[in-house]
Visitor: 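Here it is: the structure, laid out below.
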Amino acid sequence: MKKASSLSQLGFDAVDASSGFFRPVSDSSAGGVVTPSAHRRRLTKVSVIGAGNVGMAIAQTILTRDLADEIALVDALPDKLRGEMLDLQHAAAFLPRTRLVSDTDMSVTRGSDLAIVTAGARQIPGETRLNLLQRNVALFRKIVPPLAEHSPDALLLVVSNPVDVLTYVAWKLSGFPPSRVIGSGTNLDSSRFRFLLAEHLDVNAQDVQAYMVGEHGDSSVAVWSSVSVAGMPVLKSLQESHRCFNEEALEGIRRAVVDSAYEVISLKGYTSWAIGYSVASLAASLLRDQRRIHPVSVLARGFHGIPDENDVFLSLPARLGRAGVQGVAEMELTEEEAKRLRRSAKTLWENCQLLGL
């Protein structure tokens with residue numbers, strides 16, 4: 001038996017239900033009464049497609065940060081979907097006033113300002129992100145076209161893995177301009193990188209400037225040449241004070257960043273909280289037009305020697321605002337870093353070409 005989640009579903013008339021509690025305010029200048037719709041502002045709507053661990057961590061973080069007036073949840077499992085929605089709705093007294101809706105049908109996303117796609121097969125221990133590709137492309141063919149149809153002006157943020165290739169897939173299937181199709185990319189990888197350095201240097205991670213670029217995965221590139229704290233270059237200082245910071249050690253740190261997701265998956269079965277905070281930070285930059293710089297997956301053709309004819313998406317530091325990607329930083333890379341970035345781009349582009357889009 002389906003349970004009711006509101007008084008109207010229990011048979012109570014919802015029309016003018018608040019009239020017994022509130023008296024309309026008289027507007028003497030207009031000679032009438034101000035109605036609730038008289039000064040209606042434009043509401044912000046965020047849709048999250050996929051109500052799994054990652055999707056719900058993202059929805060919960062966006063909700064608690066008060067980034068949306070309405071959040072729409074979409075999933076193929078109706079009971080789980082309704083349960084997740086009810087669980088969040090029951091916390092209404094402790095949260096900002098946000099309307100929560102859910103459905104298995106993509107029409108519930110209509111009019112979204114930001115659509116976040118997390119749906120996809122779960123990454124299992126020992127499986128690389130690229131191994132997920134074929135299983136998830138078929139799903140995107142069902143998700144992205146109706147999503148674009150219901151919200152033709154939305155920003156599309158892809159989180160599903162392998163995120164770089166699936167961002168390319170979403171771009172092709174949506175017909176959106178590349179500035180409005182973004183992958184979560186190495187935003188979280190860079191946070192993991194900053195965390196490791198901050199722990200070693202005994203500073204706050206927010207004071208560490210450090211980027212991982214390229215693929216969100218095994219071929220990612222740690223940009224050691226630009227790592228700084230309080231404007232001071234870090235690599236030179238570390239190498240002068242610690243002889244162990246040689247090339248092998250630097251690669252070990254990069255590998256630890258890449259493997260950290262696999263470690264979490266092996267321990268708890270999935271990742272959720274860090275990606276939730278990461279994506280919420282992207283949502284804030286986009287919806288609030290903050291113009292913050294994030295390493296996210298963008299159309300990277302022509303950057304750092306990547307061929308102009310290769311429509312490959314990978315992470316580079318990008319300025320994000322209400323219109324989406326508003327520019328990509330021209331990083332100064334060493335020749336070795338640029339070489340690794342091009343190698344990462346080649347790997348991703350080879351996978352994109354297999355899809356026939």
Side-chain angles (χ1 to χ4, degrees), residues 53-54 57-58 61 116 118 122-130 132 157-164 167 182-229 234-235 238 242 245 247-285 292-298 313-318 320 329 331 333 337 340-341 344 348:
N53 296 308
V54 170
I58 292 169
T61 312
I116 303 171
T118 73
R122 180 185 296 180
Q123 189 175 358
I124 59 177
E127 182 181 37
T128 68
R129 294 177 178 94
L130 290 177
L132 294 173
L157 178 55
V158 178
V159 182
S160 309
N161 278 317
V163 66
D164 303 294
T167 304
I182 305 158
S184 57
T186 59
N187 195 53
L188 178 52
D189 304 69
S190 297
S191 176
R192 291 167 173 150
F193 190 25
R194 292 165 68 186
F195 163 74
L196 287 176
L197 293 172
E199 287 290 291
H200 182 74
L201 298 171
D202 194 24
V203 297
N204 192 303
Q206 294 184 3
D207 294 319
V208 178
Q209 288 292 312
Y211 289 116
M212 301 284 290
V213 297
E215 179 201 357
H216 170 58
D218 297 336
S219 68
S220 62
V221 180
V223 187
W224 283 101
S225 61
S226 67
V227 175
S228 66
V229 174
V234 166
L235 181 59
L238 288 175
H242 300 72
F245 273 87
E247 286 298 322
E248 183 179 352
L250 298 184
E251 173 57 22
I253 294 172
R254 187 201 72 86
R255 192 72 243 174
V257 172
V258 172
D259 290 342
S260 59
Y262 301 131
E263 181 181 9
V264 174
I265 291 170
S266 68
L267 291 170
K268 61 179 273 190
Y270 56 89
T271 60
S272 57
W273 299 120
I275 188 63
Y277 283 106
S278 173
V279 173
S281 75
L282 299 177
S285 293
R292 290 189 61 194
I293 309 300
H294 294 271
V296 289
S297 191
V298 297
F313 279 72
L314 52 72
S315 285
L316 293 171
L320 302 184
M331 299 186 75
L333 302 178
E337 290 167 346
R340 292 187 178 192
L341 183 65
S344 186
L348 292 168

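What you see below is based on every heavy atom in this structure, not just the backbone, and it leaves out hydrogens, waters and symmetry mates.
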Visitor: Heavy atoms only: give me the nearest G276-I58 pair and the separation to one decimal.
Guide: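 That would be CA-CG1, 3.8 Å.
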
Visitor: Report yes or no: does S285 contribute a side-chain atom to a donor-acceptor pair with the main-chain N or O of S281 at less than 3.5 Å?
Guide: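 Checking the backbone N and O of S281 against the side chain of S285, a donor-acceptor pair under 3.5 Å is found.
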
Visitor: What are the two closest non-hydrogen atoms of A210 and V227, and how far apart are they?
Guide: CB-CG2, 3.9 Å

Visitor: For H216 and D189, work out which heavy atoms get closest and say how close.
Guide: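 Heavy atoms only, the tightest pair is ND1-OD1, 2.5 Å.
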
Visitor: If we check side chain to side chain contact (heavy atoms under 4.5 Å, CB included) with V279, which of these qualifies: V159, L188, T118?
Guide: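 The option that passes is V159.
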
Visitor: Can you list the steps and then say if L341 with L314 is a side chain to side chain contact (heavy atoms under 4.5 Å, CB included)?
Guide: CA-CA 9 Å; L341 183 65; L314 52 72; 4.0 Å; yes

Visitor: For residues F193 and V257, report the shortest heavy-atom separation together with the two atoms involved.
Guide: CA-CG2, 3.8 Å

Visitor: Who pairs with S220 by side chain to side chain contact (heavy atoms under 4.5 Å, CB included), at least two apart in sequence or on another chain?
Guide: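 Counting only residues at least two positions away or on another chain, S220 forms a side chain to side chain contact (heavy atoms under 4.5 Å, CB included) with M212, R254, V258.
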
Visitor: Check whether S278 reaches the backbone of A274 with its side chain - one donor and one acceptor, N or O, closer than 3.5 Å.
Guide: no

Visitor: Any chance you could lay out the side chain to side chain contact (heavy atoms under 4.5 Å, CB included) test for S297 and V158, step after step, and finish with the verdict?
Guide: CA-CA 9 Å; S297 191; V158 178; over 6 Å; no

Visitor: Once side-chain hydrogen bond (donor to acceptor under 3.5 Å, both in side chains) is applied, do any residues pair with Q209, and if so which ones, sequence neighbours excluded?
Guide: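 side-chain hydrogen bond (donor to acceptor under 3.5 Å, both in side chains) check on Q209 returns nothing, list empty.
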
Visitor: Restricting to side-chain hydrogen bond (donor to acceptor under 3.5 Å, both in side chains), what partner residues turn up for S219, sequence neighbours left out?
Guide: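 Once residues adjacent in sequence are excluded, the partners of S219 under the side-chain hydrogen bond (donor to acceptor under 3.5 Å, both in side chains) criterion are E215, S344.
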
Visitor: According to side-chain hydrogen bond (donor to acceptor under 3.5 Å, both in side chains), who are the partners of S160, at least two apart in sequence or on a separate chain?
Guide: none

Visitor: Does some side-chain heavy atom of I265 sit less than 4.5 Å from a side-chain heavy atom of T271?
Guide: yes

Visitor: Using the salt bridge (Lys or Arg N to Asp or Glu O under 4.0 Å) rule, collect all pairs that involve residues 197-209, keeping only residues at least two apart or in two chains.
Guide: none

Visitor: Short question: side chain of S190, backbone of N187 - any donor-acceptor pair under 3.5 Å?
Guide: no

Visitor: Check D164 against G214 and note the closest heavy-atom contact, atom names and distance.
Guide: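 Here D164 and G214 meet closest at OD1-O, 4.1 Å.
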
Visitor: For a 4.5 angstrom cut-off between non-hydrogen side-chain atoms, does L282 reach I182?
Guide: no

Visitor: Run the side-chain hydrogen bond (donor to acceptor under 3.5 Å, both in side chains) test against D259 and tell me which residues pass, sequence neighbours left out.
Guide: R255

